[in-house]
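Since the structure is predicted, the reported quantities are computational estimates derived from the model, not experimental observations. Atoms considered below: every heavy atom in the structure, side chains included; atoms not considered: hydrogens, waters and symmetry mates.
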Protein chains: 2
Amino acid sequence: MKRYDQVAQTLTQRIEQGQYRIGDRLPSVRLLCRELGVSISTVQEAYRRLEALGLVEARPRSGYYVQPRPTPNVLPKVSRPAQRPLDVSQWDQVLELVARAPQEDRLVMLGRGIPDLTAASLRPLLRQLATLHRHAAAHALNYDSLQGSLELRRQVARLADKSGCLLHPDDILVTTGCQEALSLALRTLTEPGDVVAVDSPSFYGTMQILKAQKLKALEIPTDPRTGISLEAMELALEQWPIKAIQITPTCNNPLGYTMPEARKRALVALAQRFDVAIVEDDIYGDLSYDTPRPPTLKSFDDDGRVLLCSAFSKTLVPGLRVGWMAPGRYRDQVLHMKYVSTGASATLPQLAVAEFVRHGHYERHLREMVRQYRQHRDIMIDWVTRHFPPGTGVSYPQGGFLLWIELPDSIDCVRLKERLVGEGLHITPGSLFSASGKFRHCLRLNYAAAMTPAVEAAIRRVGEAVAELMPSPA
Amino acid sequence: MKRYDQVAQTLTQRIEQGQYRIGDRLPSVRLLCRELGVSISTVQEAYRRLEALGLVEARPRSGYYVQPRPTPNVLPKVSRPAQRPLDVSQWDQVLELVARAPQEDRLVMLGRGIPDLTAASLRPLLRQLATLHRHAAAHALNYDSLQGSLELRRQVARLADKSGCLLHPDDILVTTGCQEALSLALRTLTEPGDVVAVDSPSFYGTMQILKAQKLKALEIPTDPRTGISLEAMELALEQWPIKAIQITPTCNNPLGYTMPEARKRALVALAQRFDVAIVEDDIYGDLSYDTPRPPTLKSFDDDGRVLLCSAFSKTLVPGLRVGWMAPGRYRDQVLHMKYVSTGASATLPQLAVAEFVRHGHYERHLREMVRQYRQHRDIMIDWVTRHFPPGTGVSYPQGGFLLWIELPDSIDCVRLKERLVGEGLHITPGSLFSASGKFRHCLRLNYAAAMTPAVEAAIRRVGEAVAELMPSPA
Ligand SMILES: Cc1ncc(COP(=O)(O)O)c(C=O)c1O
Ligand SMILES: Cc1ncc(COP(=O)(O)O)c(C=O)c1O
């Protein structure tokens with residue numbers, strides 16, 4: 001074996017053993033020469049070969065990086081939900097997920113939509129929380145204005161620029177998390193019995209709003225790469241008395257896709273043509289792996305029919321419950337709904353987030369997180385591809401930190417979840433994301449936090465448990 | 001003039017000039033002897049005379065205190081609301097009140113229900129907020145459980161003991177302020193078009209929930225000393241399809257009364273007989289001037305029909321938005337409503353309040369505040385009696401920090417408010433507390449914060465402005 005082949009083999013082994021992981025920078029040529037006692041040209045040739053094999057990537061003026069394995073990524077299928085409005089069920093499953101505080105559990109939490117809370121770039125937020133009360137005690141403890149702190153609304157308006165929205169602070173309403181924003185929007189737009197069109201699979205929090213408001217969900221077929229089907233949406237608008245479209249078009253939860261810009265434009269045009277409102281959930285939008293981040297539907301909205309809902313729960317921390325919305329032409333009704341729902345939002349968290357954003361810490365934190373989450377996506381897909389049965393469908397997220405996995409129809413992920421909880425592992429079954437409990441053969445995994453060997457072991461165990469549930473070939 | 005008469009006159013002047021105020025301790029006999037160069041027996045005789053006149057009160061082993069002036073306290077009249085269910089209006093007035101952050105205004109704020117946020121006994125809460133993030137960062141920033149932090153629910157259950165309620169932490173749900181608790185309760189109990197019976201005047205926040213839910217308010221005549229009329233309530237229950245009774249029976253906002261225990265029992269019995277639920281708002285209950293504090297309606301509830309709603313907004317600080325409820329037999333539905341409304345409540349504020357209560361700071365703070373607010377009540381009633389036109393009706397609060405003032409029918413307090421805002425004074429007109437804008441000749445004043453000469457000047461000015469609006473005797 002040639003010298004450079006030996007070096008290439010050593011590197012390949014180290015990558016396979018997890019010493020260097022997908023997205024990691026590999027040692028410099030100089031360093032490897034010294035470590036392995038070979039010449040510069042030998043190492044250079046080894047790297048060239050690995051590059052040709054697609055195992056490493058050369059980045060100019062930066063070095064060599066471990067490439068994601070060019071896996072034959074089997075995507076989940078386009079969803080085929082029921083063709084009629086349905087009542088929403090699944091509350092018992094959702095309740096089980098949200099009833100316990102994440103920290104009470106000793107579980108490896110692969111299921112919930114929680115960002116990495118240990119990131120160093122979050123520290124200035126903690127400092128803000130610690131010092132604010134000293135400088136602004138009476139202010140920070142008093143009722144805030146109903147619309148929310150002006151300083152925070154200014155910062156939100158500035159950030160919204162980047163998603164193509166020209167918002168004035170007065171267009172913005174601070175809420176108690178994105179959940180309250182979605183709830184206010186849907187309560188303002190609908191009355192019991194009304195039909196709301198949703199993407200499918202769709203975030204369970206919104207589905208449960210439909211249930212509480214006695215609304216019907218019309219689930220629209222959704223492509224795991226491009227989002228909701230415009231053709232199906234148009235047919236549905238012709239056929240049913242739809243009051244609102246509720247959708248997460250950017251860094252979708254759970255599928256991870258971002259609707260292409262042209263399709264976003266077309267969707268807004270469709271809503272105009274049929275005169276329906278759109279409730280747009282953009283909570284993961286700032287975690288898009290593309291720069292600049294993709295535009296919101298709201299940025300194509302010229303008559304105020306899009307109610308944009310978001311929060312700092314996924315980009316910063318969920319426990320402060322700082323969310324916001326831009327309710328467009330529904331501003332006055334939404335403001336009344338906000339008042340009766342919770343009054344003004346908590347003051348201190350708003351001030352802390354406003355200061356954090358104002359000092360540029362938010363954008364710095366986003367850059368860090370996007371880099372981390374993109375790397376984790378590749379690692380997670382690699383692990384799932386290796387440890388799950390062949391043919392497993394896996395999404396290819398364009399942002400955020402959630403992976404959607406599609407198993408053979410016969411696999412029951414509610415049973416799978418119950419079995420795994422007993423072993424200290426937590427996953428979220430796909431059935432939560434459907435009005436009627438479809439997607440039971442799917443599951444959602446979180447890849448936000450450190451991708452430790454313990455997490456890989458957990459993924460391996462989930463894959464094994466899936467295999468155990470597979471019918472043995474007769 | 002006798003020596004002791006001169007001393008008595010000196011003291012009377014000082015009291016009238018505000019050097020010693022109602023509730024203040026007067027100088028000791030020994031001190032006065034030295035200051036005025038008179039004998040002990042002279043000072044003792046002077047105090048005896050003042051005591052006989054009802055100007056000072058002797059408290060054994062403590063000294064002499066300035067007595068509230070035995071004013072012929074004209075109470076507001078028993079309310080006589082419409083005898084039928086009404087739609088709720090007044091949102092524009094409420095919005096004006098809650099749209100601005102209190103601290104943005106340079107106004108003397110006499111109008112809003114804000115406690116004294118400068119109290120020294122609140123300091124441990126600030127310390128908790130400052131240090132918690134260090135010891136429990138990831139925990140404090142993550143989603144909490146949907147029901148709320150167990151530690152806080154334990155403390156709430158312990159405190160509820162004192163109002164006669166045996167609650168288990170699992171009976172309790174943490175909410176985003178009392179407003180969310182009230183909103184969840186009413187949304188769970190009713191459907192659009194339903195009738196809800198309320199006390200009258202009634203807290204505008206609840207009234208606006210009725211409006212948002214398209215409910216009808218049936219306002220029940222209410223006595224400013226004993227609360228809602230049981231006779232009228234019974235008639236109403238016979239006559240109308242009432243779904244729920246919503247009421248603030250202890251330290252009522254805005255009237256300040258506490259329903260006598262026997263009437264509370266009778267109200268719960270009535271609700272049982274007619275099988276309706278009661279939404280009990282106890283947000284001011286712990287600020288009762290009586291010890292032990294009066295029992296809640298919930299403490300007489302043996303079949304889970306009372307949904308008790310409260311918060312730390314008036315007893316501690318409003319800006320943290322920490323509220324709670326004990327929803328009785330409606331627990332499961334309320335929990336679903338809570339999830340769709342805001343998800344889990346913010347974590348950090350819950351932990352800070354829980355620690356504050358656990359260390360006994362809450363009870364210490366209450367003792368301080370109750371002493372302060374009771375003294376302020378007497379001072380405020382004295383000022384209003386002196387500076388408002390004769391015959392002005394004034395409530396006699398049994399707790400909390402709000403005074404209700406009834407003027408001649410011809411006085412329009414919405415106009416009064418507008419005039420005074422221009423002069424830097426803020427009051428709340430009574431019309432906010434009625435479904436249809438009644439009580440426009442009434443107003444509510446806050447006496448929580450320091451009773452400074454500036455506040456007395458403000459009260460004097462309000463009284464003058466009232467006089468200016470009085471029709472001149474023809
Ligand atoms: C798509 C989506 N929307 C809304 C929410 C709710 O966000 P918040 O925690 O800010 O209420 C979540 C969180 O799970 C989510 O994933
Ligand atoms: C009687 C009453 N109930 C409820 C509330 C609302 O309380 P919170 O600020 O906790 O939502 C108030 C506050 O104004 C009140 O006076």
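Of the listed residues (Gln213(B), Lys211(B), Lys214(B), Glu191(B)), the one with the most heavy-atom contacts under 4.5 Å to chain A is Lys211(B). Interface remark: of the candidates Ile209(A), Val98(A), Thr347(A), Val98(A) forms the most heavy-atom pairs closer than 4.5 Å to chain B. Chain A forms more heavy-atom pairs under 4.5 Å with one residue of Gly323(B), Pro318(B), Gly177(B) than with any other, namely Pro318(B). Residue with the most contacts toward chain A among Met337(B), Met207(B), Arg187(B): Arg187(B) (heavy-atom pairs, distance under 4.5 Å).
Only the side chain of Val94(A) comes within less than 4.5 Å of a heavy atom of chain B; its backbone N, CA, C and O stay farther away. Heavy-atom distances place no part of Gln333(A) under 4.5 Å from chain B, backbone and side chain included. Within the 4.5 angstrom heavy-atom criterion, only backbone atoms of Ser345(A) (N, CA, C, O) approach chain B. At a 4.5 Å heavy-atom cutoff, the contact between Leu335(A) and chain B is made by backbone and side-chain atoms alike. For Ala212(A), the parts lying near chain B are the backbone and the side chain together; criterion is any non-hydrogen pair under 4.5 Å. Looking at Gln350(A), there are no atoms closer than 4.5 Å to chain B (heavy atoms on both sides), in backbone or side chain.
Shown here for Ser145(A) and Ala101(B), the closest heavy-atom pair between the two residues is CB-N, 3.3 Å. Between Gln208(B) and Val340(A), the shortest heavy-atom contact is O-CG1, 3.2 Å. In terms of heavy-atom proximity, Gly113(B) sits nearest to Tyr143(A) at O-CE1, 4.0 Å.
Atoms OG1 and CZ, on Thr176(B) and Arg321(A) in that order, are 8.0 Å from each other to the nearest 0.5 Å. One distance of note links CG of Leu95(A) with CG of Leu146(B); it measures 6.5 Å at 0.5 Å rounding. Atom OG of Ser341(B) and atom CD of Gln179(A) lie 8.0 Å apart (nearest 0.5 Å). Atom-to-atom distance recorded for Thr342(A):OG1 and Leu182(B):CG is 12.0 Å, nearest 0.5 angstrom. Taken to the nearest 0.5 Å, the CG atom of Leu141(B) stands 5.5 Å off from the CG atom of Leu126(A). Distance check, rounded to the nearest 0.5 Å: OH of Tyr339(B) to CG of Leu97(A) gives 7.5 Å.
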Trace of the side chain to side chain contact (heavy atoms under 4.5 Å, CB included) decision for Asn142(B) with Val317(A): CA-CA 6 Å; Asn142(B) 208 338; Val317(A) 302; over 6 Å; no

Assess the residue pair Arg100(B) and Gln147(A) against the criterion (side chain to side chain contact (heavy atoms under 4.5 Å, CB included)); give the C-alpha distance rounded to whole Å, side-chain angles, the decisive distance to 0.1 Å, and a yes or no. CA-CA 8 Å; Arg100(B) 285 185 285 186; Gln147(A) 245 196 290; over 6 Å; no

Yes or no on side chain to side chain contact (heavy atoms under 4.5 Å, CB included) for Leu129(A) and Leu129(B), after CA distance, side-chain angles and deciding distance? CA-CA 8 Å; Leu129(A) 284 167; Leu129(B) 284 167; over 6 Å; no

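Under the 4.5 Å side-chain criterion, counting only non-hydrogen atoms from C-beta, Glu180(A) is not in contact with Glu180(B).
In this structure, Trp91(B) and His336(A) have perpendicular ring planes: the angle between them is above 60°, well past the 30° mark.
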